[in-house]
Amino acid sequence: MTKKTQQRIEKLLKLLSDGKFHSGQSIAEKLGVSRTAVWKLIQKIESWQLTVYSIRGRGYQIPGGLELLDQQQLKLSLKNNELFNDVILHASIDSTSNFLAEEWKKSPGYGRVCIAEHQTSGRGRKGRSWVSPFAANLYFSIGVELPLGLSALGGLSLVVGMSICSTLNRFTNDRVKVKWPNDLMVDDHKLAGILVEASGETNDTSFLNIGVGINWDMQNFQGELIDQPWINLKQLLVKSASRQQILTEILCELDAALVDYLTNGFSHFSTKWQGYSAMYQRDVNIMLTNEVVSGKEVGIEANGALRVQTVDGIRLFHSGEVSLRKKMA
Ligand code: BTN
């Protein structure tokens with residue numbers, strides 16, 4: 001997509017965000033393009049899983065309107081962050097995590113956030129894809145360089161999950177829990193997923209690319225590809241809040257949590273794990289590459305490893321997928 005098309009789409013989205021009908025002619029005039037070009041732009045945004053009504057004689061409408069994220073406001077709100085305060089907002093991109101990895105190669109060394117309203121190739125863990133319809137959810141990645149070797153990053157991934165969980169709990173009356181290592185769950189339904197990708201050139205510096213997807217108001221038909229029960233944040237709110245407000249609070253709290261981790265280490269986070277864990281004292285299966293281990297989750301180690309009570313005693317896990325073990329009828 002050319003820069004010009006991008007700018008036109010951004011203008012078009014702002015116009016239609018009021019939820020009212022706009023005639024093809026009036027849009028064409030405001031964008032300085034032909035009516036055929038408007039129709040093509042509409043087709044483009046429809047391909048981002050956005051519903052646009054097109055009614056002869058009335059024009060185009062996005063039913064219910066849109067609450068779009070605002071890059072300038074985000075920049076202002078993040079200006080005092082220590083680790084990342086630069087914000088890039090895209091209407092549509094392949095993946096915010098891919099974007100940051102590429103940016104890092106071009107200009108490494110300073111922290112930034114990439115947010116998208118839509119992703120064409122959103123990525124989940126284990127090579128899964130992440131369904132990313134336009135403005136229905138939150139999709140963002142944070143890139144930071146940390147003075148830590150890759151081996152120190154186990155705890156850090158939990159710090160990310162716990163920090164976002166703590167922000168979301170202020171809006172939901174403590175409904176959100178963390179499923180090790182960093183899925184966010186409500187009543188065994190997935191609310192958010194976190195993809196932590198790290199690379200290190202030396203033993204004492206790592207580039208951390210933290211990708212976060214939070215379900216906000218995802219519709220069922222868009223969720224056909226999702227292979228597990230999921231839930232939306234919007235339906236859990238106990239006070240009114242916009243995506244923008246929640247995202248801002250997540251980004252500020254996460255910046256502070258990472259600084260805290262760098263200054264004080266992981267141990268004081270690990271002592272709080274029980275209060276955060278979705279699986280503490282529950283029967284779980286740990287899916288490893290060639291094995292499934294059953295047991296009861298009994299906490300985490302000071303380095304972030306999961307402690308599981310099995311029939312052979314306590315086992316520690318540094319990686320793997322945790323799932324709830326269903327009771328036999
Ligand atoms: C998971 O599998 O649970 C992790 C999902 C992470 C999805 C987010 S959406 C923003 C960022 N960009 C991506 O391509 N993936 C992450």
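All ligand and atom numbering here is 1-based and tracks the order in the structure. Remember, predicted model here, so these are calculated numbers, not experimental data.
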Practice problem: Check each heavy atom of S97 against ligand 1 and say whether those closer than 4.0 Å belong to the side chain, the backbone, both or neither. | Solution: both
Practice problem: Answer yes or no: does atom NZ of K239 have more than 12 heavy-atom neighbours from other residues, nucleotides or ligands under 6.0 Å? | Solution: yes
Exercise. Below 4.0 angstrom from a heavy atom of T96, which ligand 1 atoms are there? Numbered from 1 as shown, please.
Key: 10 (C), 11 (C), 12 (N)
Quiz item: Relative to the heavy atoms of S95, which atoms of ligand 1 are at a distance of less than 4.0 Å?
Solution: 12 (N), 13 (C), 14 (O)
Quiz item: Under 3.5 Å, side chain of W180 to main-chain N/O of M279, donor-acceptor pair present?
Solution: no
Quiz item: Just one of T310, N285, D283 clears the side-chain hydrogen bond (donor to acceptor under 3.5 Å, both in side chains) bar with S294, so which one?
Solution: N285
Quiz item: For atom 5 (C) of ligand 1, which candidate among F99, Y139, W130 provides the closest heavy atom?
Solution: W130
Quiz item: With a cut-off of 4.0 Å, which atoms of ligand 1 are near a heavy atom of R123?
Solution: 5 (C), 6 (C), 7 (C), 13 (C), 14 (O), 15 (N), 16 (C)
Practice problem: Kindly assign one of parallel, tilted or perpendicular to the pair F99 and H90, based on the angle between their ring planes and the thresholds 30° and 60°. | Solution: perpendicular
Self-check item: Ligand-residue contact atoms, ligand 1 with D183, heavy atoms, under 4.0 Å
Solution: 3 (O)
Practice problem: Within a distance under 4.0 Å of any heavy atom of I194, pick out the atoms of ligand 1 and give their elements. | Solution: 3 (O), 4 (C)
Quiz item: For S141 and S97, does a side-chain donor sit closer than 3.5 Å to a side-chain acceptor?
Solution: yes
Exercise. For the residue pair Y261 and F266, categorise the inter-ring angle as parallel (less than 30°), tilted (30 to 60°) or perpendicular (more than 60°).
Key: perpendicular
Quiz item: Within the structure, does Q119 bring an N/O atom to less than 3.5 angstrom of an N/O atom in ligand 1?
Solution: yes
Practice problem: Please verify whether a non-hydrogen atom of R128 lies at under 4.0 Å from ligand 1. | Solution: no
Quiz prompt | Lys/Arg cation over aromatic Y110: R112, 6.0 Å, 45° cone | solution = yes
Exercise. State the atoms of ligand 1, each with its element, that fall below the 4.0 Å cut-off from a heavy-atom position in R125.
Key: 1 (C), 2 (O), 3 (O), 4 (C)
Practice problem: Determine whether the side chain, the backbone, both or neither of K126 has a heavy atom under 4.0 Å from any heavy atom of ligand 1. | Solution: neither
Quiz item: Do any N/O atoms on K190 end up under 3.5 angstrom from N/O atoms on ligand 1?
Solution: yes
Practice problem: Show which atoms of ligand 1 fall inside a sub-4.0 Å distance from at least one heavy-atom site of G122. | Solution: 14 (O)
Practice problem: Decide, yes or no, whether a salt bridge links R307 with E297 under the criterion of side-chain N to carboxylate O below 4.0 Å. | Solution: no
Practice problem: Classify the side-chain pair S166/E253 by whether it contains a donor and acceptor separated by less than 3.5 Å. | Solution: yes
